[in-house]
> 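Following this message is one structure expressed as structure tokens.
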Amino acid sequence: MAKRAFITGITGQDGSYLTELLLAKGYEVHGLVRRASTINRGRIDHIDSPDLHLHYGDLTDGVSLVNLIHQVEPHEVYNLGAQSHVKVSFEMPEYTASTDGTGALRLLEAIRAAGLDCRYYQASTSEMFGASPPPQHERTAFYPRSPYGAAKLYAHWVTVNYREAYDLFAVSGILFNHESPRRGESFLTRKVTLGVAAIVLGARDSLHLGNLDAVRDWGYAPEYVEGMWRMLQHDEPDDYVLATGEGRTVRQFVRAAFAHAGLDWEQYVTYDEQYERPTEVDALIGDASKAREVLGWKAETNADRLAELMVDADIEQLSRLLKA
Ligand code: NAP
Ligand code: GDD
């Protein structure tokens with residue numbers, strides 16, 4: 001019998017790659033989608049499989065989660081759904097807390113109420129480390145610097161608590177930034193690579209950015225969803241950092257992306273204060289030794305290669321759009 005997986009956030013960057021991975025492994029995949037006035041499934045539209053099933057629901061709506069978990073009876077649950085933009089979390093703190101924080105609690109309670117012997121993955125984040133200096137690992141102190149980071153920290157601890165209190169196989173993946181051509185357009189890497197593509201193709205002549213000094217550890221999303229899956233296949237539930245171990249400033253990423261297209265970034269990039277956050281996370285560089293030793297997981301793609309592959313993908317996609 002095929003294993004059944006239930007994924008929240010299936011329409012997001014990670015949800016789409018995880019769906020492809022699980023279908024390729026023979027899983028039956030059930031995904032939670034939000035009702036919207038227009039259909040928003042661009043990242044999974046290309047997947048044509050009788051083993052993919054979508055269900056309406058929302059992490060802020062506990063009844064929908066209880067009903068779906070009861071109905072699907074999943075063997076594995078991946079909680080990837082979130083209001084995932086740090087800057088937006090300052091503008092929508094309560095909604096972010098409800099989706100990203102209490103949402104995890106609602107899902108865990110739905111699993112507990114159904115009495116299921118299933119495995120649970122929580123999408124935790126390096127943002128929980130916030131002001132704690134790098135390198136950050138599983139034993140580094142948490143010090144979130146945004147409503148997003150604080151909400152995710154609640155979800156992280158409630159996952160640990162359900163593991164200890166109810167013996168649930170619940171794991172928390174503390175993932176550092178991971179990107180791809182499917183990354184949301186308002187996150188730094190994608191904003192930059194889309195901007196480079198538009199400049200190369202003559203569709204615009206400048207790009208406005210905020211803080212260029214922040215350091216991030218950027219990896220490649222398809223490799224990170226493989227790490228999520230490995231966490232749920234291990235004998236014991238535990239928490240793991242996934243990261244490349246290499247830090248880059250925003251400025252370095254911008255320079256690499258423009259250079260790949262033969263451009264000097266300083267001629268195009270201007271500063272815009274509106275992209276600054278009330279409190280910034282200055283530096284995130286992860287130490288993923290535990291995942292390497294216990295799960296055999298290692299990031300293969302670094303930020304320079306990522307900048308190249310994302311610029312190439314955006315130039316190709318935008319030229320097709322401009323020709324259409
Ligand atoms: P993403 O592209 O922003 O996708 C977020 C997903 O969550 C989308 O499918 C979205 O649905 C869904 N969602 C939003 N609000 C929801 C709600 N109230 N109820 C149900 N679903 C909701 O995020 P991602 O980059 O794939 O990240 C996946 C998860 O990992 C997130 O929890 C994120 O916080 C976490 N994380 C990401 C990174 C990273 O660098 N990418 C690093 C660490 C942790 P719509 O399509 O309808 O908006
Ligand atoms: N988005 C954005 N837009 N960020 C900018 C800009 C801009 O115009 N200019 C500078 N930055 C800086 C931000 O201040 C931040 O220091 C860095 O670029 C990266 O910003 P984002 O790409 O928005 O990502 P993030 O690091 O805040 O959060 C992402 O990674 C987390 C893991 O560490 C998100 O994916 C979170 O969901 C995830 O948990």
Side-chain angles (χ1 to χ4, degrees), residues 7-19 31-36 38-44 56-61 64-65 78-89 92 95-96 98-100 102-104 106-107 121-130 136 144-146 148-149 151-152 155-156 172-180 182-192 195 207-221 224-225 228 241-243 248-251 253-254 269 271-277 279-284 286:
I7 305 177
T8 72
I10 194 166
T11 54
Q13 171 188 259
D14 291 3
S16 67
Y17 286 119
L18 181 65
T19 300
L32 182 83
V33 293
R34 299 195 289 171
R35 195 270 159 186
T38 52
I39 301 282
N40 168 28
R41 297 181 196 162
R43 294 187 180 102
I44 51 171
Y56 281 115
D58 199 297
L59 282 162
T60 60
D61 176 10
S64 68
L65 301 177
Y78 295 85
N79 184 28
L80 310 185
Q83 188 304 93
S84 71
H85 202 284
V86 173
K87 174 83 194 309
V88 171
S89 78
M92 301 174 72
Y95 174 73
T96 303
S98 181
T99 303
D100 302 12
T102 334
R106 291 187 192 100
L107 193 49
Y121 174 88
Q122 172 60 28
S124 287
T125 162
S126 47
E127 275 290 306
M128 302 186 312
F129 297 124
Q136 293 100 353
R145 296 267 286 170
S146 64
Y148 168 79
K152 282 285 188 176
H156 175 79
S172 192
I174 308 175
L175 272 52
F176 283 63
N177 301 49
H178 46 279
E179 322 289 313
S180 73
R182 296 186 197 167
R183 183 58 142 152
E185 297 170 6
S186 63
F187 294 95
L188 185 275
T189 55
R190 188 76 199 289
K191 181 174 170 183
V192 170
L207 180 64
H208 311 294
L209 297 175
N211 178 15
L212 300 182
D213 295 320
V215 173
R216 290 291 182 276
D217 177 333
W218 282 292
Y220 186 38
Y224 286 58
V225 302
M228 297 175 186
V241 159
L242 298 186
R248 297 277 189 287
T249 60
V250 171
R251 184 180 291 98
F253 185 90
V254 172
V269 174
Y271 173 71
D272 190 332
E273 194 186 355
Q274 71 165 301
Y275 299 112
E276 295 273 357
R277 286 117 197 241
T279 40
E280 175 65 287
V281 169
D282 293 329
L284 294 173

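When a residue number appears, it is its place in the shown sequence, counting from 1. Keep in mind it's a predicted model, so treat the numbers as computed, not measured. Counting convention: from 1, in listed order, for ligands and their atoms alike.
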> Please report whether ligand 1 has a polar contact with Leu32, defined as an N or O pair separated by less than 3.5 Å (distance criterion only).
no
> Tell me whether Lys152 contacts the main-chain N or O of Ala123 through its side chain, where contact means a donor paired with an acceptor under 3.5 Å.
yes
> For atom 46 (O) of ligand 1, what's the nearest protein heavy atom and its distance?
Thr11 OG1, 2.6 Å
> So what's ligand 2 close to, N/O to N/O, under 3.5 Å?
residue, atom, partner, partner atom, Å
ligand 2, 1 (N), Ser186, O, 2.9
ligand 2, 8 (O), Lys191, NZ, 2.7
ligand 2, 9 (N), Gly210, N, 2.9
ligand 2, 14 (O), Arg277, NE, 3.4
ligand 2, 14 (O), Glu280, OE2, 2.6
ligand 2, 16 (O), Arg216, NH2, 3.2
ligand 2, 16 (O), Glu280, OE1, 3.2
ligand 2, 16 (O), Glu280, OE2, 2.9
ligand 2, 22 (O), Leu188, N, 2.8
ligand 2, 23 (O), Arg277, NH2, 2.9
ligand 2, 26 (O), Asn177, ND2, 2.9
ligand 2, 26 (O), Arg216, NE, 2.8
ligand 2, 27 (O), Arg277, NH1, 2.6
ligand 2, 30 (O), Asn177, ND2, 3.0
ligand 2, 33 (O), Ser126, OG, 2.6
ligand 2, 33 (O), Asn177, OD1, 2.7
ligand 2, 35 (O), Arg183, NH1, 3.2
ligand 2, 35 (O), Arg183, NH2, 2.8
ligand 2, 37 (O), Ser84, O, 2.6
ligand 2, 37 (O), Tyr148, OH, 2.9
ligand 2, 39 (O), Thr125, OG1, 2.6
ligand 2, 39 (O), Tyr148, OH, 2.5

> Does either side chain, that of Asn79 or that of Gln122, offer a donor lying less than 3.5 Å from an acceptor on the other one?
yes
> Relative to atom 41 (N) of ligand 1, which among Glu127, Glu179, Arg183 owns the nearest non-hydrogen atom?
Arg183
> Tell me which protein heavy atom sits closest to atom 37 (C) of ligand 1, plus the residue, atom name and distance to 0.1 Å.
His178 CE1, 3.9 Å
> What residue and atom, counting heavy atoms only, is the protein's closest point to atom 5 (C) of ligand 1, and at what distance?
Ala82 O, 3.6 Å
> Side chains of Glu280 and Asn211: any donor to acceptor distance under 3.5 Å?
yes
> Which of the numbered atoms in ligand 1 are under 4.0 angstrom from any heavy atom belonging to Leu175?
42 (C), 43 (C)
> If you measure from CG on Leu107 to CG on Leu32, what distance do you get to the nearest 0.5 Å?
8.5 Å
> In this structure, which one of Asn177, Leu242, Val281, Asp217 forms a side chain to side chain contact (heavy atoms under 4.5 Å, CB included) with Ser126?
Asn177
> Would you say the side chains of Ser64 and Tyr56 form a donor-acceptor pair under 3.5 Å?
no
> Can you check which of Ile44, Leu65, Leu80 brings a heavy atom nearest to atom 29 (C) of ligand 1?
Leu80
> If you have a sec, work out which protein heavy atom is nearest atom 44 (C) of ligand 1 and how many Å separate them, to one decimal?
Ser124 O, 3.4 Å
> Would you please indicate if the ring centroids of Phe187 and His85 are separated by under 6.0 Å?
yes
> Heavy atoms only, cut-off 4.0 Å: how does Tyr95 contact ligand 1, side chain, backbone, both, or neither?
side chain
> Evaluate side-chain contact (heavy atoms from CB on, under 4.5 Å) for Val33 paired with Arg41, printing each intermediate quantity in order.
CA-CA 9 Å; Val33 293; Arg41 297 181 196 162; 3.8 Å; yes
> Which residue supplies the protein heavy atom nearest to atom 30 (O) of ligand 1, what is that atom called, and how far is it?
Ala123 CB, 3.5 Å
> Check this for me, if you would: do Arg248 and Glu179 make a salt bridge, where the nitrogen-to-carboxylate-oxygen distance has to be below 4.0 angstrom?
no
> Could you tell me the residue and atom name of the protein heavy atom closest to atom 6 (C) of ligand 1, and the distance to it rounded to 0.1 Å?
Gly9 CA, 3.5 Å
> Check whether any N or O atom of Asn177, backbone or side chain, sits under 3.5 Å from an N or O atom of ligand 1, and answer yes or no.
no
> Evaluate Asp14 for polar contact with ligand 1, using N/O atom pairs at a separation under 3.5 Å.
yes
> Counting only nitrogen or oxygen atoms and a 3.5 angstrom limit, does Asn40 reach ligand 1?
yes
> Can the positive tip of Arg216 be found less than 6.0 Å from the middle of the six-membered ring of Phe176, inside 45° of the ring normal?
no
> Could you tell me if Thr96 and Ser89 have a donor-acceptor pair between their side chains, going purely by distance under 3.5 Å?
no
> Using salt bridge (Lys or Arg N to Asp or Glu O under 4.0 Å) as the criterion, list what pairs up with Asp213, not counting sequence neighbours.
Arg251
> Starting from atom 16 (C) of ligand 1, locate the nearest protein heavy atom and write down its residue, its atom name and how far away it is, to 0.1 Å.
Arg34 CD, 3.5 Å
> If the cut-off is 4.0 Å to any non-hydrogen atom of Thr125, which atoms of ligand 1 fall inside it?
43 (C), 44 (C)
> Nearest protein heavy atom to atom 2 (O) of ligand 1, by residue and atom, and its distance?
Gln13 N, 3.0 Å
> Give a yes or no answer on whether the side chain of Thr8 reaches the backbone of Leu80 with a donor-acceptor pair at less than 3.5 Å.
yes
> Of the choices His85, Lys152, Met128, which has the non-hydrogen atom that lies closest to atom 32 (O) of ligand 1?
Lys152
> Taking all atoms of both residues into account, what is the closest heavy-atom pair of Leu207 and Lys191, and its distance?
CD1-O, 3.9 Å
> For Glu276 and Tyr271, does a side-chain donor sit closer than 3.5 Å to a side-chain acceptor?
yes
> Under 4.0 Å from a heavy atom of Gly12: give me the atoms of ligand 1 that qualify, with their elements.
2 (O), 4 (O), 8 (C), 9 (O), 26 (O)
